[in-house]
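Notes for the one structure printed next.
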Amino acid sequence: MSLLWALRIGALLTLIVPARLGYWLCRVIGIAVFLFHPRARRAVLDNLRHVCPRCSRLWRTHQAARVFITAVMNYYDLVRIRTVDRHRLRELIEVRGWNHVEAALARQQGVIVLSAHLGNFNVVAQYPAELGLEAAIVVERVQPPSLFAYLCRLRSATGVRVLPSGPEAVPAILRLLRRNGILLVAGDRDVTGHSRLVRFFDAPARLPIGPIMLARRTGATLLPAYTIRLSPRRSLVVVDPPLDLVHTDDQEHDLLANLELVARALERMIRTDPGQWAVLQPVWGDASPRTPLVESLGTVPASAPGGTTLQATSD
C-alpha cells in the first residue's frame, strides 16, 4: 500500500513542485532505495555483472545506483503524464527508425514491439496511442488490487489499452493484431515459466517465449525497439529493423533459433546504457524473490511447445 500512497502523493506534488525539483527528489529517493533495499541492490549488481563481467565493482555500483534512480523517475513520469505532461508527450520524445513501424503496419498483420525495461518505458509505451494508432500493453496483476487499478489508470492516460494478464487477455490481443494494432511487450525477464534457456550476455538465462510464439502464429511483425533518457524529461526511442524469424517444420528448433535473435537484440538495447536497465529482480538464477518496485511493460500470450492453443503469460 505504501507504493500506492507514494504515487498518489507524487501526483499531487506534480501540480505544485517544479519539474527540476521533482527530478532532484527522484535522485535522492532512488539513492535511498539503493542503500536500504539490500535484496534488490544485490539483484541489480548481479545483473550488471553479467552485462559487463570485466567492469569494475565501482562501475557496477555506480550503474546500479543509476538503475534505482531510473526506476523512481519512471514512476514520477508515469504520474506526470496524467496530471501535467499528457499533451506534451510528442515534444518529450525523439524517435528514430519510425519507418520500420510504418513498414510493419503496411503488412496489415499487426505489430509486436519487443523491448527491454530500459529508460522511460512506461511512458514511451503510450507513444503509439498518442499518434492515433491502436495500441495495447498487457500488464501483471499486482497486489493490492487498488494499486493495480491505479497503475492501469496512469498507463492508459493517453489512450493506450491496458490488458490485465491472464487467459482472458488472449482474445483481446488476437483481435488487436487482426485489426493491425500494436502490442508492446518486454522480453528481458521471465516470471511465468513459459521460457527457454538461452545465452544472454555471458551466461544462460530464461527469457520468455511468448513474443516469438505469438508472432509465429499470427504473422505479426516482431519489431525490436527501446528507449533511453537523454535528460530527466526527454527520451529517445530507437526502432530497429524487424527480426527475420526462422520458419521450418521443426518448431522447437525454430523457437531456440529465434530466441537467440531476441537475446541478441535485447543485449544491444541494454548495452546502450546499462544504468537505465530498470530491472530490480535477478534475471539469472532463481528469480522467485520478487519486489514490486518496478512494473513491467506487459505480458504476452505463449503456447506450450508443440501446442496450438495460446495462453496468457505474465511479466
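Residue indices begin at 1 and follow the sequence shown.
- Atom CD of residue E134 and atom CG of residue N180 lie 9.5 Å apart, to the nearest 0.5 angstrom.
- In this pair, Y127 and W98 present their aromatic rings perpendicular. The plane angle is above 60°, beyond the 30 to 60° band.
- Hydrophobic clustering (ILVMFWY, side-chain heavy atoms < 4.5 Å, transitive): V160 and L133 are in distinct clusters.
- Both L48 and L35 are part of a single hydrophobic cluster, where members link through side-chain heavy atoms under 4.5 Å apart.
- Counting only heavy atoms from C-beta outward, the side chains of S146 and L4 approach each other to under 4.5 Å.
- Atom CD1 of I209 is separated from atom CZ of R216 by 11.0 Å, given to the nearest 0.5 angstrom.
- For D244, the CG atom sits in a loose shell: 12 or fewer heavy atoms of surrounding residues, nucleotides or ligands are nearer than 6.0 Å.
- Separating the CG atom in L259 from the CZ atom in F200 is a distance of 10.0 Å, to the nearest 0.5 Å.
- Under the 4.5 Å side-chain criterion, counting only non-hydrogen atoms from C-beta, D188 is not in contact with V283.
- Using a 4.5 Å cut-off between side-chain heavy atoms of Ile, Leu, Val, Met, Phe, Trp and Tyr, with links allowed through other members, L256 and L114 fall into different hydrophobic clusters.
- The shortest side-chain heavy-atom distance between R264 and R199 falls under the 4.5 Å cut-off.
- With values rounded to the nearest 0.5 angstrom, R80 atom CZ is found 13.5 Å from L154 atom CG.
- Minimum interatomic distance between M269 and P224 (heavy atoms only, all atoms of both residues): CE-CB, 3.6 Å.
- Neither V246 nor V198 shares a network with the other; the hydrophobic side chains, linked directly or stepwise wherever heavy atoms of I, L, V, M, F, W or Y lie under 4.5 Å apart, form separate groups for each.
- For the 3.5 Å distance criterion, the side chains of D254 and T248 qualify, holding a donor opposite an acceptor.
- One finds the SG atom of C26 at 6.0 Å from the OH atom of Y76 (value rounded to the nearest 0.5 Å).
- For the residue pair R229 / T70, no side-chain donor-acceptor distance below 3.5 Å is found, with atom types taken as modelled.
- Salt-bridge formation is not detected for the pair R60/D46: no Lys NZ or Arg NE/NH1/NH2 atom is positioned less than 4.0 Å from an Asp or Glu carboxylate oxygen.
- Taking the six-membered ring for Trp and thresholds of 30 and 60 degrees, W277 and F201 have ring planes inclined between 30 and 60 degrees apart.
- Residues L151 and L78 are in side-chain contact: their nearest non-hydrogen atoms beyond the backbone lie under 4.5 Å apart.
- Here E252 pairs with R196 in a salt bridge; the nearest charged N to carboxylate O distance falls below 4.0 Å.
- Taking CZ of R234 as the reference point, atom CG of N120 lies at 12.5 Å (rounded to 0.5 Å).
- Between T14 and A11, the closest heavy-atom pair is OG1-O, 2.6 Å.
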*Does the pair T218 and I173 meet the rule for a side chain to side chain contact (heavy atoms under 4.5 Å, CB included), with working shown?*
CA-CA 11 Å; T218 65; I173 291 173; over 6 Å; no

_V111/L105 under side chain to side chain contact (heavy atoms under 4.5 Å, CB included): CA gap, chis, key distance, verdict_ = CA-CA 7 Å; V111 181; L105 290 172; 3.7 Å; yes

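- Under the 4.5 Å side-chain heavy-atom criterion for Ile, Leu, Val, Met, Phe, Trp and Tyr, L45 and I69 are members of distinct hydrophobic clusters.
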*How far apart are the C-alpha atoms of L280 and V67, what are their side-chain angles, what is the distance that settles it, and do they pass the side chain to side chain contact (heavy atoms under 4.5 Å, CB included) test?*
CA-CA 8 Å; L280 305 189; V67 167; 3.6 Å; yes

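- By the 4.5 Å heavy-atom criterion applied to side chains, V72 and Y23 are not counted as neighbours.
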